[in-house]
Amino acid sequence: EAPWESIGSGALEYSNNDARNVRSNAVFIESTYESGDLNYTYAEVGFPSNNAVYSDYKVSFSATRDYYSTRLQFAELEIPGLLLPPPPTPPPSLSPSVSPSKVPSASPTLNPTDSPTAELPEGGTLVNSIIDSDGSYEPFGCNSWSRKWASVDGSLQKFHCDRTDLYNVSAGQVFSPPYVQATIAKKVRVYAGDANANVFPIDVTLEGRVNPEAPWESIGSGDLEFINNFERNVNSNAVFIESTYESGDLNYTYAEVGFPSNNAVYSDYKVSFSATRDYYSTRLQFAELEIPGLLLP
């Protein structure tokens with residue numbers, strides 16, 4: 001609701017003799033605060049005297065180089081600057097309550113909970129899954145696999161992993177969005193496939209990282225106890241799961257492990273299964289993976 005305030009302006013003089021950049025969503029810019037990516041053509045205008053703090057920014061271009069051009073086009077905008085930490089917690093009130101309670105709690109908690117619930121930041125959206133088919137979903141711990149996309153397509157089409165002679169090796173998938181997307185994972189859900197319970201995963205471990213170059217960090221793990229008495233789900237790409245953040249689709253067999261104390265922000269996730277219910281099963285199979293959590297702006 002605040003009015004816009006001027007920071008600065010300037011003419012754009014492009015490097016590399018105005019050479020065009022290749023158009024590709026597979027070519028990534030590697031820039032720093034000090035410099036843009038010198039491998040590509042760019043222009044920069046600095047505001048060295050600015051120290052005003054803002055949250056929203058408005059970037060305007062008054063014209064194109066050909067004043068009468070019907071198109072304005074560019075590949076990327078960056079605003080190098082200083083990212084400030086959140087404001088400190090306000091100091092406690094210096095004035096005591098005018099009517100403090102004179103009666104202590106009748107049943108104070110003597111032991112803290114093993115899984116405290118972490119407060120989540122404001123401004124995000126709770127979703128049924130923070131992973132989807134727009135990103136990559138690479139299997140590991142398999143001799144071969146089929147339908148790796150089936151784990152995030154929203155249907156009961158099954159993902160299959162060949163585990164022959166890999167009984168001591170964890171298997172699973174790594175999920176990465178097409179761009180860095182800040183999220184907070186709160187649960188993992190695994191929907192059963194159409195085979196018997198012997199090929200169901202017995203437990204799950206979730207790890208996260210902030211980008212593909214960062215190390216994996218542990219979020220949590222737990223045993224997978226499937227509802228509906230381990231009943232098989234139909235194998236079909238025409239049957240779609242209707243779940244929410246709060247609950248999986250109760251029409252189908254699934255298991256869920258929660259991480260209520262997690263509030264760490266990551267972009268990539270690694271879902272690992274240490275074994276199947278029949279330890280010596282040569283197959284690992286499931287229909288869908290969901291990671292309910294908070295999608296941050």
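Note that the coordinates shown come from a computational prediction; the quantities given were computed from them, not determined experimentally.
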Inset, instruction - Please check if the side chain of Asp203 supplies one atom and the backbone of Ser274 the other of a donor-acceptor pair under 3.5 Å. - result: yes
Legend entry - ILVMFWY cluster, Leu294 and Val188 together (side-chain gap under 4.5 Å): no
Legend entry - Main-chain N/O of Asp268 paired with Arg209 side-chain donor or acceptor, under 3.5 Å: no
Inset, instruction - Quick one: closest heavy-atom pair of Ser272 and Phe140, and the distance? - result: OG-CZ, 3.4 Å
Legend entry - Heavy-atom neighbours of Asn229 CG exceed 12 at 6.0 Å: no
Inset, instruction - Give me the one residue out of Trp145, Phe200, Phe273 that meets ring pair (Phe, Tyr, Trp, His ring centres under 6.0 Å) with Phe286. - result: Phe273
Side-chain donor-acceptor pairs of residues 245-254 under 3.5 Å, sequence neighbours excluded:
unit_1 : atom_1 : unit_2 : atom_2 : d
Glu246 : OE1    : Thr244 : OG1    : 3.4
Asp249 : OD1    : Asn251 : N      : 3.0
Asp249 : OD1    : Asn251 : ND2    : 2.9
Asp249 : OD2    : Glu242 : N      : 2.8
Thr253 : OG1    : Glu231 : O      : 2.6
Tyr254 : OH     : Gly248 : N      : 3.2

Inset, instruction - Apply side-chain contact (heavy atoms from CB on, under 4.5 Å) to Phe159 and Tyr137, showing your working. - result: CA-CA 11 Å; Phe159 165 77; Tyr137 25 85; over 6 Å; no
Legend entry - Heavy-atom side-chain contact between Asn16 and Tyr14 under 4.5 Å: no
Inset, instruction - Return yes if some donor-acceptor pair links the side-chain N/O of Arg163 with the main-chain N/O of Val169 below 3.5 Å, else return no. - result: yes
Legend entry - Between CD on residue Glu138 and NZ on residue Lys148, distance to nearest 0.5 Å: 3.5 Å
Inset, instruction - Drop me the distance from Arg189's CZ to Asn128's CG, to the nearest 0.5 angstrom. - result: 7.0 Å
Legend entry - Flag, side chain of Asn17 to backbone of Ala19, donor-acceptor distance under 3.5 Å: no
Legend entry - Close side-chain approach of Pro201 to Val190, heavy-atom, < 4.5 Å: yes
Legend entry - Joint cluster assignment, Ile219 & Phe175, ILVMFWY side-chain distance < 4.5 Å: yes
Legend entry - Any donor-acceptor pair under 3.5 Å from Asn143 side chain to Thr164 backbone: yes
Inset, instruction - For residues Ile79 and Val59, determine if any side-chain heavy atom of one lies less than 4.5 Å from a side-chain heavy atom of the other. - result: yes
Legend entry - Chi angles and distances behind the side-chain contact (heavy atoms from CB on, under 4.5 Å) call for Gln157, Asn235: CA-CA 5 Å; Gln157 182 85 347; Asn235 179 27; 3.6 Å; yes
Legend entry - Within 6.0 angstrom of Arg20 CZ, more than 12 heavy atoms from elsewhere: no
Legend entry - Plane angle bin for Tyr57 and Tyr54 - parallel if under 30°, tilted between 30 and 60°, otherwise perpendicular: perpendicular
Inset, instruction - Would you check, one step at a time, whether the test side-chain contact (heavy atoms from CB on, under 4.5 Å) holds for Leu295 with Thr183? - result: CA-CA 5 Å; Leu295 193 65; Thr183 53; 3.5 Å; yes
Legend entry - Ala171 to Gly141 - nearest heavy-atom pair and separation: CB-O, 3.6 Å
Inset, instruction - Quick one: pull up CD in Gln173 and OG in Ser136 and give me the separation to the nearest 0.5 Å. - result: 10.0 Å
Inset, instruction - Starting at NZ of Lys270, measure out to CG of Leu206 and round the result to the nearest 0.5 Å. - result: 11.0 Å
Legend entry - Heavy-atom check, side chain of Thr276 versus side chain of Asn198, under 4.5 Å: no
Inset, instruction - Check the hydrophobic clustering (I, L, V, M, F, W, Y; side-chain heavy atoms under 4.5 Å; chains of links allowed) and say if Leu296 and Ile131 are grouped together. - result: no
Legend entry - Worked verdict on Leu156 versus Ile241 for side-chain contact (heavy atoms from CB on, under 4.5 Å): CA-CA 7 Å; Leu156 290 180; Ile241 296 167; 4.0 Å; yes
Legend entry - Side-chain heavy-atom pair Ser236, Ser155 within 4.5 angstrom cut-off: no
Inset, instruction - Give the cluster check for Val239 versus Trp149: same hydrophobic cluster or not, with ILVMFWY residues linked at side-chain heavy-atom distances below 4.5 Å. - result: no
Legend entry - Lys186 (side chain) donor-acceptor with Pro260 (main chain) under 3.5 angstrom: yes
Inset, instruction - Determine yes or no for a side-chain-to-main-chain donor-acceptor pair under 3.5 angstrom, with Ser221 supplying the side chain and Val204 the backbone. - result: no
Legend entry - CG-CD distance between Asn196 and Gln285, expressed to the nearest 0.5 angstrom: 9.0 Å
Inset, instruction - For Glu78, enumerate each residue passing the side chain to side chain donor-acceptor pair (under 3.5 Å) test, keeping only those at least two apart in sequence or located in another chain. - result: Ser31
Legend entry - Val257 side chain near Glu225 side chain, heavy-atom distance below 4.5 Å: no
Legend entry - Spacing of OG belonging to Ser281 relative to CD1 belonging to Ile202, to within rounding of 0.5 Å: 11.5 Å
Legend entry - Heavy-atom check, side chain of Ile227 versus side chain of Glu256, under 4.5 Å: no
Inset, instruction - Measure across Glu288 and Ala150 and return the closest heavy-atom pair with its distance rounded to 0.1 Å. - result: OE1-O, 3.0 Å
Inset, instruction - Could you list who else is in Tyr179's hydrophobic cluster, with ILVMFWY side chains joined at under 4.5 Å, directly or through other members? - result: none
Legend entry - Single-linkage hydrophobic cluster, 4.5 Å side-chain cutoff, Trp4 and Val53 together: no
Legend entry - Student check: side-chain heavy atoms of Tyr167 and Thr282 closer than 4.5 Å: yes
Inset, instruction - Keeping the roles fixed (side chain from Asn262, backbone from Ala185), state whether a donor-acceptor pair exists under 3.5 Å. - result: yes
